[in-house]
Q: 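There's a structure below that I have some questions on.
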Amino acid sequence: MKEIIVLAKIKFDLRDPDEAYFAQHEIESILGAKVKPVKTIPALFKDYPFNKLSDEIIQIITRHLYLGEIQGYLASVECIDASKLIFQPAFFKEIYLIIETPVAEKEIEQNLSLFNKELYQIFEVPLENGKRIFVIRLFPLQTLFEYVTDVKKLPQVAITPKNKKNWNDYFLEKEEGIEKGLNDMLNHIKLNHYRAPHFGLGKRHIGDFIDWATTDLRKPFLHYLHKYKGKGDPRISRALINILRINKGETILDPFVGSGAFIADAPTMGLNAIGVEILEIGKLISEVKCSLDYDIKSLRREIIDLFSNISYSGQDLFTFNLEDEIREIKSKLKKHTEENRFYTNIIPHLPKIIYLKNKIEQIEDKKIRNFLLLLLSQKIVEFSEKKRSNNFIESFMSYIEDRYLTLYATLKLADKLNVNITEGKVKIIKADSTKMDFIDDDSIDGILTSPPYFDALDYIGNNKISIIILGFDDDLKFGSTKDYYSRFEKYNLELPDSSINLINLLRKSRRSMKAQIVENYLRMMKLSFRECYRVLKPRRYYAMVVSKYHSWIINGEEQRIETSKVLADLGISEGFKLAGIIQHGLSKADKGKINVEDILVFQK
């Protein structure tokens, strides 16, 4: 095979036009070759070899195109490992390999490392010269798992069973609906390319859901399990791993792991990951989110046992002698919140929350216990942020059902596709990224993170009620981000000119306290860069997502400062080379003072 044409078709449900451009960096990293943007995929069929393809193949390729400026990317390569194009991409709906050759289909599969027929299709087009054009249609794994969200919308899953005798029968019927939906989905993707989706009410077929650019986020794996300030977008996070050019079996590090968004997909890509996090609440979220390795039968059994032994009203609440615990937690909440709106909103629900917490803490399996405690934490956050009159226990049970069915569908789809999505191992360590002595020198294959953005976000605020109820008292010691940064005031470090200029600018505008916070932050970041440089292998990459600008009041007026350059200079001062900068639109749900992000790509 002298030439392989690669056509990577962008997903048609992108949220931001910048993602289409970001996708170029991803596909070039996976291919190890430059690609050309394709503004209009149908225009390709004017020229060879696309003009030799059948109507059916053309229909498949031109179906579900992104309606933005770029619809895909085109490349020509001499050799390729097609399995990488299946297991790694985040931004592509389908990828096509087009080859003119006299060899047989079986030999093509061997040459391209194609072994799992569930994840590709091959079409053959005979030519007059005796040769043939083969079109290999690849289904990126992450895209298939995004459709789990749509499977759960099918009537047989979404509608409550009418004749439910007990919780076992209830979940059994839902699980059967999911299995049927997954089978229909895999069949639809390969065979139903002429079917038009139903628009409006009454959707019953899986194609009515996956063939539309839905307004709902498609949430693969355990992303969006718990609210957390500044968490990364799952697609961008996965694409960042690809930009690092990491190979299967290697290890990545996130030194500011937060809720684990940036490394959650690592196990599904056959990668190992280490996350470093100073907050116990962040560690809990990351540990649950980054592990899909559940004994689903045991989880199901514990959920059914929990549901069978709690009442919606919590009428057996006081049989557990919880009065003292409720009083103690109420007192702590009052002290640490100063009776703010979060306190006022959660107090009516506190007895039921403590009741549920105690029920969950009786579960022996730590992994299952933490899974359910995290779901409880999410409902605490929801009920503290907004005054709600609905029953907390009912809401919590509904959320458990939703997350369990997501996990069930995910693991069942992996089984049907015969893929291992728990091959990589993730370890979350409660520690400070400025002191990572538990990681050996030159041992990490790639680093990616999104560090704190100066003072833009409060990482404890919206989780404080949950932190107190779950007993994560150490998290309260950190206070605000400025309190944490003050720990680094004692370090006498030589900062780059751009850092000194920013500090002096704030001081001259009589913002001496703010200047000290920024200086402490920059000291912390310099020490973190130093540690990351130590643990990263030579010539490997460190991708850091940062705010391009940050706004402060300078001399009475709001002024926008390009802070990404300040952080880039800090990295360079610790030995890194700045290999590139990727600018893209905001990928965070809670933007604070952030509007545009830069991805700084460093190389050791």
Side-chain angles (χ1 to χ4, degrees), residues 225-229 259 277-285 287-288 302 306-307 309-363 366 368-400 403 430 457-484 590:
L225 195 65
H226 192 286
K227 188 170 185 178
Y228 198 84
K229 287 282 186 179
S259 66
E277 175 56 35
I278 59 170
L279 295 177
E280 193 67 43
I281 187 67
K283 181 175 182 286
L284 175 64
I285 299 170
E287 284 180 332
V288 175
E302 292 290 0
L306 180 66
F307 282 17
N309 289 285
I310 57 177
S311 62
Y312 289 164
S313 62
Q315 61 186 11
D316 58 338
L317 170 64
F318 294 103
T319 64
F320 288 87
N321 299 316
L322 300 176
E323 296 95 329
D324 290 343
E325 185 177 355
I326 293 170
R327 235 183 335 264
E328 181 185 348
I329 291 178
K330 185 175 180 180
S331 176
K332 285 174 68 175
L333 289 170
K334 192 173 184 179
K335 173 185 175 182
H336 290 285
T337 64
E338 298 179 344
E339 299 185 66
N340 61 15
R341 66 179 179 88
F342 297 100
Y343 172 87
T344 304
N345 290 340
I346 206 64
I347 286 300
H349 308 285
L350 188 60
K352 290 180 180 178
I353 292 170
I354 305 303
Y355 165 74
L356 290 169
K357 174 175 169 281
N358 276 265
K359 288 276 193 180
I360 294 168
E361 287 176 340
Q362 295 172 27
I363 296 172
K366 182 181 178 182
I368 293 174
R369 185 170 68 246
N370 284 347
F371 178 81
L372 295 174
L373 281 174
L374 184 62
L375 302 189
L376 179 66
S377 175
Q378 170 59 20
K379 298 313 290 187
I380 292 170
V381 171
E382 289 179 15
F383 275 69
S384 65
E385 287 184 331
K386 185 178 179 181
K387 188 174 181 180
R388 298 172 187 266
S389 59
N390 49 322
N391 187 298
F392 186 93
I393 293 178
E394 287 185 14
S395 180
F396 176 56
M397 291 172 69
S398 177
Y399 189 50
I400 289 178
R403 294 291 86 193
K430 189 175 186 293
L457 297 175
D458 177 3
Y459 294 90
I460 292 178
N462 70 313
N463 286 313
K464 184 176 281 188
I465 299 289
S466 176
I467 286 169
I468 294 168
I469 292 174
L470 293 181
F472 296 154
D473 292 352
D474 281 352
D475 287 1
L476 299 174
K477 296 176 184 177
F478 289 101
S480 65
T481 49
K482 66 180 180 181
D483 295 328
Y484 168 64
D590 302 293

Q: What closest approach, in Å, do Gln378 and Lys227 show between heavy atoms, and which atom pair accounts for it?
A: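 Looking at all heavy atoms of both residues, the closest pair is OE1-N, 2.7 Å.
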
Q: Step through the shown structure and confirm whether more than 12 heavy atoms of other residues, nucleotides or ligands are within 6.0 Å of NZ on Lys335.
A: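 No.
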
Q: Show every ring pair (Phe, Tyr, Trp, His ring centres under 6.0 Å) that has at least one partner inside residues 322-341, sequence neighbours left out.
A: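 Residue pairs with at least one partner in residues 322-341: there are none.
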
Q: Determine the minimum heavy-atom distance between Ser395 and Asn390, stating which atoms define it.
A: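 Between these two residues, the closest heavy atoms are CB-ND2, 4.1 Å.
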
Q: Excluding sequence neighbours, so at least two apart, what forms side chain to side chain donor-acceptor pair (under 3.5 Å) with Thr344?
A: none

Q: With heavy-atom distances below 4.5 Å as the criterion, would you say the side chains of Glu338 and Asn340 are in contact?
A: no

Q: Check side chain to side chain donor-acceptor pair (under 3.5 Å) between Glu361 and all other residues, then give those that pass, not counting sequence neighbours.
A: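 For Glu361, the residues satisfying side chain to side chain donor-acceptor pair (under 3.5 Å) (neighbours in sequence not counted) are Lys357.
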
Q: Could you give the distance from CD1 (Ile354) to CD (Glu325), rounded to the nearest 0.5 Å?
A: 5.0 Å

Q: Answer yes or no: is there a side-chain heavy-atom contact under 4.5 Å between Phe342 and Glu385?
A: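 SC-SC contact between Phe342 and Glu385 confirmed.
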
Q: Taking only residues two or more places apart in sequence, or in another chain, which ones meet Ile278 in a side chain to side chain contact (heavy atoms under 4.5 Å, CB included)?
A: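 Per chain and number, Ile278 pairs via side chain to side chain contact (heavy atoms under 4.5 Å, CB included) with Asp432, Phe478, Tyr484.
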
Q: Please round to the nearest 0.5 Å and tell me the distance separating atom CD1 of Ile468 and atom CD1 of Ile281.
A: 11.5 Å

Q: For a quick test of reading the model, state the closest non-hydrogen atom pair linking Asn345 to Ser384 and the distance between them.
A: ND2-O, 3.0 Å

Q: With Leu376 as reference, evaluate Leu356, Val381, Ile469, Ile400 under the side chain to side chain contact (heavy atoms under 4.5 Å, CB included) test and give the passing residue.
A: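 So, applying the side chain to side chain contact (heavy atoms under 4.5 Å, CB included) to Leu376 and each of Leu356, Val381, Ile469, Ile400, only Leu356 qualifies.
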
Q: So, using side chain to side chain donor-acceptor pair (under 3.5 Å) as the criterion, who are the partners of Lys283 when residues are at least two apart?
A: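 Side chain to side chain donor-acceptor pair (under 3.5 Å) check on Lys283 returns Glu287.
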
Q: Report the C-alpha separation of Ile393 and Met397 in whole Å, then their side-chain angles, then the decisive distance to 0.1 Å, and conclude whether the side-chain contact (heavy atoms from CB on, under 4.5 Å) test is met.
A: CA-CA 6 Å; Ile393 293 178; Met397 291 172 69; 3.8 Å; yes

Q: Relative to the ring of His349, is the ring of Phe383 parallel (under 30°), tilted (30 to 60°) or perpendicular (over 60°)?
A: perpendicular

Q: Less than 4.5 Å apart, any side-chain heavy atom of Phe371 and any of Arg403?
A: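 The answer is yes; the side chains approach within 4.5 Å.
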
Q: Quick check on side chain to side chain contact (heavy atoms under 4.5 Å, CB included): which of Leu372, Leu225, Leu373 does Val288 satisfy it with?
A: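 By the side chain to side chain contact (heavy atoms under 4.5 Å, CB included) criterion, Val288 pairs with just one of Leu372, Leu225, Leu373: Leu225.
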
Q: Would one find more than 12 heavy atoms of other residues, nucleotides or ligands at under 6.0 Å from atom NZ of Lys332?
A: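 Yes, enclosed.
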
Q: Can you list the residues that meet the side chain to side chain contact (heavy atoms under 4.5 Å, CB included) rule with Glu339, with sequence neighbours excluded?
A: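 Expected list: Lys334, Tyr343.
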
Q: Let me confirm one number: the CD1-NZ distance from Ile467 to Lys464, rounded to the nearest 0.5 Å.
A: 8.0 Å

Q: Is there a side-chain contact between Lys359 and Ile310 in this structure, where contact means two heavy atoms from C-beta onward sitting under 4.5 Å apart?
A: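 Sidechains of Ile310 and Lys359: in contact.
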
Q: Given 3.5 Å as the limit, does a donor-acceptor pair link the side chain of Asn463 with the main chain of Ser466, or not?
A: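 Here the side-chain-to-backbone pair does not exist.
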
Q: Using 0.5 Å steps for rounding, measure from the CD atom of Gln362 to the CG atom of Leu306.
A: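 Answer for the CD-CG pair, Gln362 versus Leu306, is 9.5 Å.
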
Q: Indicate yes or no: at least one non-hydrogen side-chain atom of Glu277 is less than 4.5 angstrom from one of Lys430.
A: no

Q: Ignoring hydrogens and angles, tell me if any N or O in the side chain of Ser331 forms a donor-acceptor pair with the backbone of Arg327 under 3.5 Å.
A: no

Q: Would a distance-only check, ignoring hydrogens and angles, find a side-chain to backbone donor-acceptor pair under 3.5 Å from Asp475 to Leu279?
A: no

Q: Are side-chain heavy atoms of Phe396 and Ile353 found at a separation under 4.5 Å?
A: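 When only atoms from C-beta onward are counted, Ile353 and Phe396 do not touch, as no gap falls below 4.5 Å.
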
Q: Got a donor-acceptor contact below 3.5 angstrom from the Thr337 side chain to the Leu333 backbone?
A: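 Indeed, once roles are kept as given, a pair shorter than 3.5 Å links the two residues.
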
Q: What pair of heavy atoms forms the shortest contact from Ile346 to Ile380, and how long is it?
A: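 So the two residues come closest at CD1-O, 3.7 Å.
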
Q: Within the 4.5 Å heavy-atom criterion, are Leu284 and Ser377 side-chain neighbours or not?
A: no

Q: Could you tell me if the side chain of Lys379 sits less than 4.5 Å from the side chain of Leu375, heavy atoms only?
A: no

